J.: 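My questions all concern the structure below.
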Amino acid sequence: MHRGKAPAITYACKLLIETNMPVSLISYESGLNTLSNFNKQFKEIMNKNPLEYKIQFSSI
């Protein structure tokens, strides 16, 4: 796992599940400033893209 990015992705997971924030804002809030970088890092760590994760784990 990418230890330096893991806390940001963990926080992003929380926001994806618990809020209706758009992925672009979550990427900024989690500290991974560009959406493309966020999507890449998220997929590398979580093995799915942010939207897939939200659909799988969110009840929102």
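Both backbone and side-chain heavy atoms feed into the values below; hydrogens, waters and symmetry mates do not. Each residue takes its place number in the sequence, starting with 1. A quick note: this is a predicted structure, and the numbers were derived from the prediction, not measured.
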J.: Just jot down the side-chain hydrogen bond (donor to acceptor under 3.5 Å, both in side chains) partners of Lys43, sequence neighbours excluded, or say none.
T.: none
J.: First locate atom CG of Leu32, then atom OG of Ser27, and finally report the distance between them rounded to the nearest 0.5 Å.
T.: 7.5 Å
J.: To the nearest 0.5 angstrom, please state how far the CD atom of Gln41 sits from the OG1 atom of Thr34.
T.: 9.0 Å
J.: Is there a side-chain contact (heavy atoms from CB on, under 4.5 Å) between Tyr11 and Leu15? Walk through the geometry before answering.
T.: CA-CA 6 Å; Tyr11 181 59; Leu15 293 176; 3.4 Å; yes
J.: Looking only at heavy atoms, which two atoms of Met21 and Leu25 are closest? And how far apart?
T.: CE-CG, 3.5 Å
J.: Test: ring pair (Phe, Tyr, Trp, His ring centres under 6.0 Å). Region: residues 12-40. Which pairs qualify, not counting sequence neighbours?
T.: Phe38-Phe42
J.: Treating Lys54 as the side-chain partner and Leu16 as the backbone partner, does any N or O pair qualify as donor plus acceptor under 3.5 Å?
T.: yes
J.: Is the number of heavy atoms from other residues, nucleotides or ligands under 6.0 Å of Lys48 NZ greater than 12?
T.: yes
J.: Please identify each residue that fulfils side-chain contact (heavy atoms from CB on, under 4.5 Å) with Ile55, with sequence neighbours left out.
T.: Leu51
J.: Which pair of non-hydrogen atoms, one from Ala12 and one from Ser30, has the smallest distance, and what is that distance?
T.: CB-CB, 4.1 Å
J.: Run the side-chain contact (heavy atoms from CB on, under 4.5 Å) check on Asn39 and Val23 step by step: do they pass?
T.: CA-CA 9 Å; Asn39 286 331; Val23 173; 4.1 Å; yes
